[in-house]
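Residue numbers start from 1 in every chain, and the chains themselves are labelled A, B, ... in the order their sequence lines are given, proteins ahead of strands. Since the structure is predicted, the reported quantities are computational estimates derived from the model, not experimental observations.
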Protein chains: 2
Amino acid sequence: MGHMTTESKPARPELPASPPLTERQEARRRRILHTSAKLASRGGFDAVQMREVAELSGVALGTLYRYFPSKVHLLVATMQDQLQHLHETLRKRPPSEEDPGARVAQTLMRAFRALQREPHLADAMVRALTFADRSVSPEVDTVSRLTTAIILDAMSLDGPPTPEQLSAVRVIEHTWHSALITWLSGRASIAQVKIDIETVCRLIAVTSRPR
Amino acid sequence: MGHMTTESKPARPELPASPPLTERQEARRRRILHTSAKLASRGGFDAVQMREVAELSGVALGTLYRYFPSKVHLLVATMQDQLQHLHETLRKRPPSEEDPGARVAQTLMRAFRALQREPHLADAMVRALTFADRSVSPEVDTVSRLTTAIILDAMSLDGPPTPEQLSAVRVIEHTWHSALITWLSGRASIAQVKIDIETVCRLIAVTSRPR
DNA sequence: ATCAGTTCTGAAACTTGTTCTAGATTACCG
DNA sequence: CGGTAATCTAGAACAAGTTTCAGAACTGAT
């Protein structure tokens with residue numbers, strides 16, 4: 001995979017992020033993300049080829065790399081994008097269960113069903129996420145924050161979450177990502193993922209009750 | 001990363017696995033694994049370069065690929081190897097805690113400290129593990145079974161584990177892998193990983209008690 | 001409208017995983 | 001020991017991620 005060295009970079013001198021993007025730049029960015037999602041839906045991680053993304057987006061390869069400094073950056077950004085949509089969708093139909101743990105489980109299973117409809121896209125995004133090295137940390141962190149927000153939303157707590165609840169949420173996220181990976185690589189069935197999610201969601205009850 | 005297509009392969013026709021290896025073949029395999037671990041210890045996933053592994057192992061590139069059909073296969077096999085060692089080491093000093101959950105947490109923290117001594121090696125192995133696609137499933141499954149065995153050992157149950165306990169162990173494994181990734185990519189501190197492990201290990205208490 | 005600086009393009013080059021091929025070596029069988 | 005099939009070697013070739021560079025197009029300020 002080319003270089004992908006783990007060296008520290010001198011605080012990326014460019015990147016169209018700090019200065020606000022012009023309209024055409026925003027459009028380019030959007031076009032690239034769209035192409036990326038389309039190719040990913042077709043054939044997963046391997047099907048997203050930088051040259052092809054550039055070509056289909058009507059952009060030079062160098063430009064693609066200016067917007068997204070690596071394939072992993074691109075796919076993580078794609079995931080951010082998709083997660084935003086998901087978050088909005090989920091917001092509209094809040095979970096119906098009573099128990100907070102059950103609500104979270106229900107929400108995650110909804111998300112899981114959405115991923116099942118686009119397994120290749122899921123593959124590309126999740127693989128990129130777990131393969132990301134330190135240079136992608138900020139972007140991965142954003143994804144993580146989004147996921148946390150979705151779970152906390154599902155819990156619909158009265159007040160702010162306790163540290164214990166936040167720990168439980170972290171563990172739920174861990175389980176969620178890892179369970180997805182086992183499913184995507186064919187080592188776990190859908191039913192198994194469901195069980196794992198339901199199992200980990202019991203932690204919410206544990207951390208809500210006084211010990 | 002070259003090809004790495006996701007297509008199904010025709011049930012690998014060769015591979016020195018089914019027929020027992022000759023002595024020289026066993027030696028070659030061992031040499032390769034050793035080189036792999038050495039390079040990985042130096043610079044992580046990226047530092048394990050197939051040409052260099054071949055050269056340092058005194059083996060042609062084609063031979064390396066005959067023994068390990070991809071870089072990910074090689075690194076997962078390396079992980080298998082390391083896990084065996086770890087398992088034996090852990091067996092010698094069983095955890096001292098009373099509570100099963102605490103025993104598991106203690107064991108995993110020991111393993112974590114071992115990984116901290118070779119963070120680059122840990123990086124290479126864990127990244128390979130989570131990046132593995134379907135073609136590596138059998139090997140990844142072996143690693144998973146080893147990990148399960150280590151955790152079950154730490155629990156030192158009286159009888160065979162209940163299905164609920166097995167679910168808890170699965171979730172613990174998920175958390176373990178994912179927490180390692182966040183640590184390796186610099187998004188979580190050692191202390192944070194510790195908290196996550198301790199949090200998830202509470203599930204053992206939950207699933208041991210009658211509900 | 002012009003100029004300077006940035007951004008974008010097109011194309012080649014480079015890196016590393018992976019595959020392929022022709023010829024040597026080795027292992028095993030009679 | 002001789003022959004044959006499997007294995008190994010050396011090296012080229014190929015694929016896809018990444019970098020680089022010269023020049024065209026665009027932007028913003030004057």
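Side-chain atoms of A/Arg66 lie closest to C/dT7 of the nucleotides C/dT7, D/dT9, D/dG17. Comparing C/dT19, D/dT18, D/dC8 by their nearest atom to the side chain of A/Ser70 picks out D/dT18.
In this structure, B/Gln25 does not reach the C/dT26 phosphate: none of its side-chain N or O atoms is under 4.0 Å from OP1 or OP2. Between B/Tyr67 and D/dT7 there is no side-chain N or O to OP1 or OP2 distance below 4.0 Å.
Relative to the six-membered ring of B/Phe45, B/Lys71 meets both conditions, a distance below 6.0 Å and an angle of at most 45° to the axis. In this structure, B/Arg28 forms no cation-pi arrangement with B/Tyr67, as its terminal cationic atom is not both closer than 6.0 Å to the ring centre and no more than 45° off the ring axis.
Contacts of residues 50-64 of chain B with DNA chain C (heavy atom under 4.0 Å): B/Met50, B/Arg51, B/Leu61.
Rounding to whole angstrom units, NZ of residue B/Lys71 and C1' of D/dA16 are separated by 14 Å. Note: OH (B/Tyr65) to P (C/dG17) measures 6 Å, nearest angstrom. The interatomic distance linking B/Leu74 (CG) with C/dT18 (C1') rounds to 14 Å, in whole Å. Look at CG on B/Asp46: it is 13 Å from C1' on D/dT18, rounded to the nearest Å. In this structure, B/His73 places its NE2 atom 10 Å from P of C/dT18, rounding to the nearest Å. Whole-Å rounding puts the B/Arg28 CZ to D/dT9 P distance at 5 Å. If you measure from atom CG of B/Leu39 to atom P of C/dT16, you get 13 Å, rounded to the nearest angstrom. Atom CZ in A/Arg127 sits roughly 15 Å away from atom C1' in D/dG17 (whole-Å rounding).
Between the side chains of A/Arg103 and A/Ser156, a donor-acceptor pair is found at a separation under 3.5 Å.
Across its full length, the helix from C/dA1-D/dT30 to C/dG30-D/dC1 shows an angle of 20° between the axes of its 5 terminal pairs at either end, rounded to 10 degrees.
Listed by first and then second residue, the ring pair (Phe, Tyr, Trp, His ring centres under 6.0 Å) pairs that reach into residues 22-43 of chain A come to none, sequence neighbours excluded. Note on residues 179-194 of chain A: pairs passing side chain to side chain donor-acceptor pair (under 3.5 Å), not counting sequence neighbours, are A/Ser185-A/Arg187, A/Gln192-A/Asp196, A/Lys194-A/Glu198.
Applying the side chain to side chain donor-acceptor pair (under 3.5 Å) rule to A/Thr78 yields the partners A/Ser36; only residues at least two apart in sequence or on another chain are considered. Under the rule for a salt bridge (charged side-chain N to carboxylate O under 4.0 Å, His left out), the partners of A/Arg91 that lie at least two apart in sequence or sit in another chain are A/Asp153.
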Using side-chain contact (heavy atoms from CB on, under 4.5 Å), reason through A/Arg110 and A/Thr107 one step at a time and then give a plain yes or no.
CA-CA 5 Å; A/Arg110 270 193 200 154; A/Thr107 300; 5.5 Å; no
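Here the options are B/Val59, B/Leu56, B/Leu74, the test is side chain to side chain contact (heavy atoms under 4.5 Å, CB included), and the partner is B/Thr35; only B/Leu56 passes.
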